[in-house]
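Sequence lines set the chain letters: A, B, ... in the order given, protein chains first and strands last, and positions in each chain run from 1. Note that the coordinates shown come from a computational prediction; the quantities given were computed from them, not determined experimentally.
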Amino acid sequence: MHYAKPLSITLLSLLAFVLAGFGAGYASDQEFTFELEEIEKKSLEWEGYAELRWEHMDINQGSAFSLLNLADDPQSDFDRLVGALQLGGSYSQELYSLQWLLKAAGQQDTLGWSDTADIYTAYATFKPKASTSLSLGKKSYKWGKGYAWNPVGFINRRKDPNNPDEALEGYITAEADFIKSNIGVVQTAALTTVLLPVYDHINDDFGTVNEMNLAAKLYLLLYDTDIDLLLRTGGSRATAYGLDFSRNLLANFEIHGELAWTENQSRLTLGQDGSLQATAEDALAFLIGMRYLSSQNITSIIEYYHNGGGYSQQEMETFYRFALDAGDDLQLAAGSKLLEQARSASLKGYGRAQPGRNYLYARFNQKEPFDILYFTPAITTIINLEDSSYSLTPELLYTGFTNWEIRLRFSWLSGAGFTEYGEKQNSNKLELRLRYFF
Amino acid sequence: MQRKFLFSTPLLMATLLLALVAPVWGIDGNELLRQVDAKMQPASYEMYRKLINVEPDGSKKEFVLYTVKKGQEKMVALFVSPASEKGRATLRLGDNMWLYIPNVGKPLRITSLQSVVGGVFNNSDILRLDYSVEYTAESVEDKGDSYLLELKAKSGAVAYDRLMMVVDKKTTLPTTIECYAVSGMLIKTLHYSKIKDFGDGMVRPSVLETDSPLYKGYKSVMLFAKMQQREFDDEVFTLNYMSKVDALR
């Protein structure tokens with residue numbers, strides 16, 4: 001590819017720059033000091049990170065999503081260089097505070113340039129006492145105990161299971177939070193209630209507009225177990241009820257789970273003729289998971305996720321066949337119309353991450369093997385249990401240089417024809433990510 | 001009389017033998033441990049700590065934490081720096097521990113055995129409750145200028161099964177603590193030094209150095225500052241408050 005060489009040179013230049021700056025963390029003497037200015041709190045604080053990410057993907061030529069995404073300009077491989085800036089901050093005065101998180105990114109890839117800039121969060125908080133806080137503005141919610149998925153995340157943005165720790169954009173809400181400790185056997189109780197309006201230009205991607213929605217979470221710490229009871233109601237999305245829990249069975253062994261019941265959940269399914277048909281039915285979703293720390297310092301996270309509102313294997317196969325037929329017919333007059341129908345179906349549900357019904361997620365990481373401080377190798381897999389396709393992602397993470405994070409990751413996707421990972425756009429992806437925190 | 005003498009000779013010998021090798025009679029190990037705790041920190045307080053990991057080549061990485069504690073089993077620690085860790089908070093309620101990471105946006109349960117900062121210090125060192133809350137004294141030996149306390153963990157949730165604590169007689173402060181795993185393996189040794197007056201009658205070590213046979217050549221240092229008595233609401237020590245701890249500073 002004609003982009004590969006400039007990208008490689010850019011990357012090497014960046015690495016040289018980064019490594020040149022790493023010497024600063026060394027100290028020759030062993031006298032340690034702790035100055036009071038290091039702990040001085042300021043009313044106005046800024047923080048964030050700058051990121052540079054390079055990705056190389058081999059295209060799974062002939063797959064459903066390579067046809068949908070690259071039919072106009074077929075590629076055998078794909079390079080992408082991304083620069084991103086995340087800027088957070090706060091301003092605090094006695095009982096009031098303002099908090100914000102902004103993110104901007106620009107990317108040059110094989111097909112061209114694109115950029116984005118978003119306000120992820122921006123909200124004001126009034127906290128008259130430790131047990132009570134009120135907030136107003138754009139705020140991000142991460143409800144649920146699951147690591148990769150959150151069926152009870154009723155007002156969460158959908159997270160990427162490959163990067164579940166990333167910040168997500170919020171919604172404009174009004175929130176009240178009340179906490180009470182030591183109520184009989186209940187060690188802690190906390191009630192969070194959220195009003196989420198949906199109007200033109202206000203949260204209009206949440207669901208039906210001109211509706212006011214209410215979401216609530218009651219948290220209980222009961223017999224050393226975290227328990228949440230959750231609710232979402234209103235006209236923008238179907239009413240949903242949820243329960244989650246987390247508990248340590250042993251000091252090094254934790255279990256967690258989520259259960260969600262959604263009334264009349266709407267879904268769009270693709271007919272043989274390419275039309276999308278809307279239906280509504282009650283849906284059950286649940287997740288059960290565990291986290292275990294071994295004596296070798298290996299952390300294992302394993303989760304099983306059932307999404308009753310997801311697409312069955314047969315429904316997904318219908319979609320893949322339709323998309324492939326649309327690609328085959330592209331030269332014919334009707335081809336582009338079929339392709340548009342397939343792209344529409346992809347955008348409205350079939351193309352989202354993990355659209356099926358049953359998944360297994362497993363991640364194993366080992367902190368500081370071979371006595372290498374701040375080094376964490378890991379391997380992650382996501383398996384579609386219905387069609388047996390999967391992704392496998394080994395990675396290396398190093399955080400030894402103060403405020404720098406270096407991550408090298410390779411993802412390998414595998415599956416037969418008409419399966420989720422067999423029909424993805426890429427067959428693999430190599431990614432190098434550098435982050436500098438400030 | 002003769003009979004009485006015959007009985008008392010072995011008793012006397014046993015008493016003399018025990019006096020040489022056995023625990024000090026008249027000293028309650030658990031009471032001594034409570035005195036050590038009272039000298040080391042108030043029941044409820046706030047403080048700042050700097051953690052420094054030093055590698056064999058001299059390179060180092062520093063972390064600054066703001067910590068508040070209430071009573072015997074409530075504690076929260078907030079990372080103030082470096083920027084890559086800022087805003088992370090760890091909460092302990094008895095044997096329960098959670099970690100909050102701002103980007104992740106929700107608390108996750110963690111264990112005392114893990115290390116949030118990497119290196120020799122683990123979560124148990126950062127969120128350590130009073131020694132007398134986590135350990136029971138099994139024996140105490142008089143070593144001249146110091147006492148040697150042998151401590152056994154009250155539950156499996158504590159990172160170290162057994163501690164050998166040297167307590168200075170004059171100050172009733174610990175000077176050295178060896179930490180052992182259930183297997184009997186020495187995990188790390190803590191060395192307290194540089195006694196400092198923190199105010200309000202709080203005179204205690206301001207430096208804690210740690211080394212470990214598991215991390216040969218590595219060293220971790222903890223510096224203490226601005227430790228002062230302060231009362232907090234119970235609600236501060238809850239999952240919902242973890243994202244707001246900075247408001248206490």
Residues in residues 100-109 of chain B near chain A [non-hydrogen atoms, under 4.5 Å] |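 The stretch touches chain A at B:N103, B:V104, B:G105, B:K106, B:L108, B:R109.
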Please list, in residue-number order, every residue in residues 237-249 of chain B that has a heavy atom less than 4.5 Å from any heavy atom of chain A; write 'none' if there are none.
->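 Those residues of residues 237-249 of chain B which have a heavy atom under 4.5 Å from chain A are B:T238, B:L239, B:N240, B:Y241, B:K244, B:D246, B:A247, B:R249.
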Report which part of [X] has an atom under 4.5 Å of a heavy atom belonging to chain A: side chain, backbone, both, or neither.
| X | value |
| --- | --- |
| B:L214 | backbone |
| B:D95 | neither |
| B:E55 | side chain |

Do you know which of B:V207, B:L223, B:V236 has the most heavy-atom pairs under 4.5 Å to chain A?
-> B:L223
Any side-chain heavy atom of B:F224 within less than 4.5 Å of one from A:F34?
-> no
Do the non-hydrogen side-chain atoms of A:L373 and B:Y218 ever get within less than 4.5 Å of each other?
->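 Heavy-atom side-chain distance check passes, below 4.5 Å.
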Grab the two heavy atoms, one from [X] and one from [Y], that are nearest each other, plus how far apart they are.
| X | Y | value |
| --- | --- | --- |
| B:P82 | A:N403 | CB-OD1, 3.3 Å |
| B:K219 | A:F32 | NZ-CE1, 4.4 Å |
| B:E235 | A:I179 | CG-O, 3.4 Å |

[X] atom [atom1]: more than 12 heavy-atom contacts under 6.0 Å:
| X | atom1 | value |
| --- | --- | --- |
| A:K41 | NZ | yes |
| B:Q228 | CD | yes |
| B:D200 | CG | no |

What part of [X] gets within 4.5 angstrom of chain B, counting heavy atoms only: side chain, backbone, both, or neither?
| X | answer |
| --- | --- |
| A:L250 | neither |
| A:T132 | neither |
| A:S246 | both |
| A:S97 | neither |
| A:R247 | backbone |
| A:T192 | side chain |
| A:Q86 | side chain |
| A:N150 | side chain |
| A:Q93 | neither |
| A:T188 | side chain |

Give a yes or no on whether the backbone of A:G400 and the side-chain of B:K61 come within a donor-acceptor separation of less than 3.5 Å.
-> no
Passes side-chain contact (heavy atoms from CB on, under 4.5 Å), A:K180 versus B:D234? Steps please.
-> CA-CA 8 Å; A:K180 181 75 183 156; B:D234 286 334; over 6 Å; no
Distance (rounded to the nearest 0.5 Å) between B:S84 OG and A:W404 CH2 |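 Going from OG on B:S84 over to CH2 on A:W404, the span is 12.0 Å.
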Taking atom CD of A:Q187 and atom CG of B:L93, what is their separation to the nearest 0.5 Å?
->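 The CG atom of B:L93 is 7.0 Å from CD of A:Q187, to the nearest 0.5 Å.
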Taking NZ, NE, NH1 and NH2 as the nitrogens, is one of them in B:K86 or A:E45 under 4.0 Å from a carboxylate oxygen of the other?
-> yes
Output the option from A:E94, A:Q99, A:K127, A:K159 having the highest count of non-hydrogen pairs under 4.5 Å with chain B.
-> A:K127
Given A:T299, A:L36, A:N182, the one with more heavy-atom pairs under 4.5 angstrom with chain B than any other is A:N182
So, B:N96 versus A:N248: side-chain donor-acceptor pair below 3.5 Å or not?
-> no
